[in-house]
Amino acid sequence: MAFLEKPPAGKVLLDDTVPLTAGIEASQSLHSHTEYIIRVQRGISMENSWQIVRRYSDFDLLNSSLQISALSLPLPPKKLIGNMDREFIAERQKGLENYLNVITSNHILSNCELVKKFLDPNNYSVNYTEIALQHVSMFFRSEPKWEVVEPLKDIGWRIRKRYFLMKSKNQPKERLMLSWADFGPDKYLSDKDFQCAVKLLSSCSHPYIYKVTFATANESSALVIRPFNEKGTLKDLIYKAKPKDPFLKKYCNPKKIQGLELQQIKTFGRQILEVLKFLHERGFPYGHLHSSNVVLDGDTCRLLDLENSLLGLPSFYRSYFSQFRKINTLEGVDVHCFGHLLYEMTYGRPPDSIPVDGFPPAPSASVVAVLESILSCEAIKNGMPTVSKILQMSLFSDILLTNSEKPQFKIPTKLKEALKTAKECIEKRLTEEQKLIHQHRRLTRAQSHHGSEEEKKKRKILARKKSKLSAFESGEERSAKYSNSNNSAGSGASSPLTSPSSPTPSSTAGVSTMPPPPPPAAPPLPPPMDGAVHPDPSPAASASREALLSSIQNFQKGALKKADTCDYSVPRIS
């Protein structure tokens with residue numbers, strides 16, 4: 001019977017796995033202390049950023065809380081005298097910024113509630129343990145046979161998921177574990193389909209899936225009850241940890257790093273691949289494989305938290321595979337996460353970075369072959385292999401599984417369609433996020449290249465060359481203009497004046513109406529000083545000249561007519 005009432009959950013549909021980055025913008029001294037103004041950003045968008053103000057005492061309190069991780073964090077030391085000097089404040093600011101970089105770049109620390117509350121108090125101020133207790137108490141009103149023994153504080157990494165040790169009044173010696181979780185950003189099932197899918201979890205039967213005793217949900221969250229496993233998870237086995245200890249204490253800084261034996265790697269790996277193949281064939285989205293979600297029962301691995309994908313919770317390794325566009329399906333996500341788990345089983349610790357350039361020596365070359373097919377640069381670039389392909393590799397192909405339990409997980413056809421649609425929506429959001437990250441990375445790379453010293457030198461040299469070329473071209477242009485102006489002035493002075501008596505050449509019949517322009521006429525020669533007449537090379541010019549000379553020689557003054565003139569220049573006196 002589902003609980004119908006809903007207390008105020010304080011639900012925020014944020015993706016808690018999106019990394020937070022922080023940098024100190026300035027500091028200000030007030031009375032006897034210094035405040036540091038910090039710019040915090042979620043993800044890659046500068047628009048999704050805010051300012052917080054913190055004192056050194058706030059950093060010191062955070063660092064004290066994180067000591068449970070047993071990590072050596074680089075918090076600058078305290079100073080009682082001279083702590084208001086400018087030089088000291090500037091030096092401390094650098095140290096605090098380095099401290100922020102260290103805790104935000106650590107995968108486990110950056111996802112813990114302590115760091116989230118320090119950097120983003122507006123979104124992480126809610127006490128989720130109290131909210132979970134409210135929901136569980138309401139559930140007990142309708143199901144009085146259950147009883148809370150104690151809260152299992154901080155045993156998981158999720159901020160919005162809480163665990164409680166339970167017992168049944170009918171079987172008080174049997175220990176159970178209740179997990180409560182709020183909805184996440186990838187919850188796409190309708191309320192009706194969600195209720196149906198959650199109730200199906202208790203009917204799922206598979207040798208490598210951990211049994212669900214009871215599951216129910218309301219309109220904002222769900223709770224699931226399972227048997228409590230005293231041996232803990234596969235991660236507890238690898239890290240030699242106690243199951244009830246806080247997550248930070250168990251896994252941040254293990255005292256001894258040692259991988260599993262080869263036979264354990266082969267057997268556990270084969271069992272996990274078989275259950276992944278089973279879920280993929282049923283069309284049930286998972287996407288939450290990591291060593292803390294695998295329970296050990298003797299030599300058998302059993303998968304936990306099938307409800308996570310129904311609730312829309314983000315994956316533990318999302319900040320890794322969201323960087324790579326080829327890992328864009330939940331099947332590919334499961335394979336990528338299996339690569340992380342296999343690396344952890346082999347070397348006793350998670351990989352330092354993804355992709356992995358080179359793998360340390362392993363118990364067998366076949367282990368490295370599988371790791372290379374998933375975590376290498378080539379694999380990340382080309383895409384993940386299928387689960388069936390990995391099962392055929394030599395590391396797992398010779399493992400015989402003797403479990404006789406018959407798998408059973410019947411999903412109604414209508415719910416299958418709803419799960420398929422939800423899976424596509426989850427993959428779409430992942431693809432869009434990967435696209436934005438890819439664009440941001442390209443832009444950052446271009447800006448970094450453009451701002452590098454080598455690039456700046458290249459641009460200076462290119463600018464000088466352009467400047468010299470421009471000066472040379474402008475000089476050539478000025479000289480060309482000066483030469484053209486001289487040529488036009490000279491041609492104007494030497495062009496001949498047309499003589500009034502010069503005959504105009506007539507057009508010849510049969511020739512085009514627009515003949516080509518004639519060549520310019522030679523300037524007339526001055527008459528010779530000795531009076532001799534030199535023959536003109538042109539017959540027309542020679543005839544014209546002879547006619548002019550003849551008229552001059554035969555000129556007679558007496559032949560001119562007498563002209564009557566009226567002279568008005570003499571003044572008249574009346």
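Since the model is a prediction, treat every value here as computed from it, not as a measurement.
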Does the side chain of Thr421 reach to within under 4.5 Å of the side chain of Tyr188, using non-hydrogen atoms? no
Search all heavy atoms of Ser309 against all heavy atoms of Pro285 and return the closest pair with its distance. OG-O, 2.7 Å
Are Leu375 and Ile380 side-chain neighbours, meaning at least one heavy-atom pair lies under 4.5 Å? no
Does Tyr239 form a side-chain hydrogen bond (donor to acceptor under 3.5 Å, both in side chains) with Glu344? I'd like the steps, not just the answer. CA-CA 10 Å; Tyr239 288 75; Glu344 210 169 4; 2.8 Å; yes
Quick one: do Ile52 and Ile37 satisfy side-chain contact (heavy atoms from CB on, under 4.5 Å)? Show the steps, please. CA-CA 6 Å; Ile52 58 173; Ile37 302 170; over 6 Å; no
Give a yes or no answer on whether the side chain of Ser315 reaches the backbone of Gly287 with a donor-acceptor pair at less than 3.5 Å. yes
Is the centre of the Tyr320 ring less than 6.0 Å from the centre of the His107 ring? yes
When rounded to the nearest 0.5 angstrom, what is the spacing between CZ in Arg55 and NE2 in His33? 3.5 Å
Rounding to 0.5 Å, atoms CG (Leu223) and CZ (Arg162) come to a distance of 15.0 Å
Just how far is it from atom CD of Glu143 to atom CE of Met138, taken to the nearest 0.5 Å? 15.5 Å
Under 3.5 Å: donor-acceptor pair, side chain of Glu147, backbone of Ser168: no
Is it true that the NZ or CZ of Arg54 lies under 6.0 Å from the centre of Phe59's six-membered ring and within 45 degrees of the ring axis? no
Arg92 to Tyr56 six-membered ring, cation-pi geometry met (6.0 Å, 45°): yes
Check this for me: does any side-chain nitrogen of one of Asp16 and Lys116 sit under 4.0 Å from a carboxylate oxygen of the other? no
Please check: side-chain N/O of Lys199 versus main-chain N/O of Phe214, any donor-acceptor pairing under 3.5 Å? no
Glu113 bridged to Lys117 by N-O distance under 4.0 Å: yes
Cationic N near anionic O, under 4.0 Å, Asp186 to Arg429: yes
Are any non-hydrogen side-chain atoms of Met166 and Val149 less than 4.5 angstrom apart? no
Carboxylate-amine/guanidinium contact Asp305 Arg226, below 4.0 Å: yes
What I want to check is whether the side chains of Asp193 and Ser190 have a donor and an acceptor closer together than 3.5 Å. yes
More than 12 heavy atoms of other residues, nucleotides or ligands under 6.0 Å from CD of Glu261: is that the case? no
For Asn308 and Tyr286, which I'm curious about, is there any donor-acceptor pair between the side chains at under 3.5 Å? no
Nearest non-hydrogen partners of Thr267 and Asp299, listed with the distance: CG2-O, 4.2 Å
Just do the side-chain contact (heavy atoms from CB on, under 4.5 Å) check on Leu430 and Arg318 with the steps written out, would you? CA-CA 9 Å; Leu430 173 62; Arg318 186 181 180 89; 4.1 Å; yes
Could you tell me whether the side chain of Asp85 and the main chain of Glu87 form a donor-acceptor pair under 3.5 Å? no
Could you walk me through whether Tyr208 and Phe268 pass ring pair (Phe, Tyr, Trp, His ring centres under 6.0 Å), step by step? CA-CA 10 Å; Tyr208 309 123; Phe268 294 162; over 10 Å; no
Are Val212 and Cys204 close enough that some pair of their side-chain heavy atoms sits under 4.5 Å apart? no
When you measure from the side chain of Asp236 to the backbone of Thr233, do you find a donor-acceptor pair of N or O atoms at a distance under 3.5 Å? yes
Please check: side-chain N/O of Tyr347 versus main-chain N/O of Pro360, any donor-acceptor pairing under 3.5 Å? yes
Donor on one side chain, acceptor on other, Gln41 and Thr21, under 3.5 Å: no
Give, for atom CG of Leu114 and atom OG of Ser65, the distance between the pair rounded to the nearest 0.5 Å. 5.0 Å
For the pair Tyr99 and Asn63, evaluate side-chain hydrogen bond (donor to acceptor under 3.5 Å, both in side chains) and give the outcome as yes or no after the intermediate values. CA-CA 10 Å; Tyr99 178 81; Asn63 193 64; 2.9 Å; yes
Can Arg158 and Asp154 be counted as an ion pair, charged N to O under 4.0 angstrom? no
Can you tell me if NZ on Lys211 sees more than 12 non-hydrogen neighbours from other groups inside 6.0 Å? yes
How close do Leu234 and Ile272 get, heavy atom to heavy atom, and via which atoms? CD2-CD1, 4.5 Å
When you compare the side chain of Ser221 with that of His135, does any pair of heavy atoms fall below 4.5 Å? yes
If you define the side chain from C-beta out and look only at heavy atoms, does anything of Thr213 sit under 4.5 Å from Trp146? yes
Treating Gln93 as the side-chain partner and Tyr36 as the backbone partner, does any N or O pair qualify as donor plus acceptor under 3.5 Å? no
To the nearest 0.5 Å, how far apart are NZ in Lys250 and NZ in Lys240? 14.5 Å
Is it the case that atom CD in Glu91 sees more than 12 heavy atoms from other parts of the structure closer than 6.0 Å? no
Regarding Arg175 and Glu230, does a basic nitrogen lie under 4.0 Å from an acidic carboxylate oxygen? no
Quick check: closest heavy atoms across Ile265 and Leu260, and the distance to 0.1 Å? CD1-O, 3.6 Å
N-O pairing of Asp120 and Arg42 below 4.0 Å: yes
Centroid-centroid under 6.0 Å between Phe316 and His340 rings: no
Minimum heavy-atom separation for Cys252 to Leu71, with atom names? O-CD2, 3.9 Å
When the ring centroid of Phe183 is compared with that of Phe194, is the distance short of 6.0 Å? yes
Just wondering, do Arg302 and Val294 contact through their side chains at under 4.5 Å, heavy atoms? no
Taking Asn328 for the side chain and Thr431 for the main chain, is one N or O donor matched with an acceptor at less than 3.5 Å? no
Centroid-centroid distance, Tyr317 to Phe338, less than 6.0 Å: no
Tell me whether the centres of the aromatic rings in His206 and Phe278 are closer together than 6.0 Å. yes
Between Asp245 and Ile155, does a side-chain contact (heavy atoms from CB on, under 4.5 Å) hold up when you go through it step by step? CA-CA 6 Å; Asp245 282 346; Ile155 66 166; over 6 Å; no
Go through Lys423 and Glu427 one step at a time and tell me if the salt bridge (charged side-chain N to carboxylate O under 4.0 Å, His left out) criterion holds. CA-CA 6 Å; Lys423 175 179 175 290; Glu427 292 170 349; 2.6 Å; yes
Is the shortest side-chain heavy-atom distance between Leu273 and Ile390 below 4.5 Å? yes
To the closest 0.5 Å, what do you measure between CD (Gln434) and CZ (Phe324)? 9.5 Å
Taking Ser376 for the side chain and Ser373 for the main chain, is one N or O donor matched with an acceptor at less than 3.5 Å? no
Quick test of your reading of the model: are Glu150 and Lys167 salt-bridged, counting only N-O distances below 4.0 Å? no
Considering non-hydrogen atoms only, spot the tightest contact between Ser69 and Asn253 and give its length. O-CB, 3.5 Å
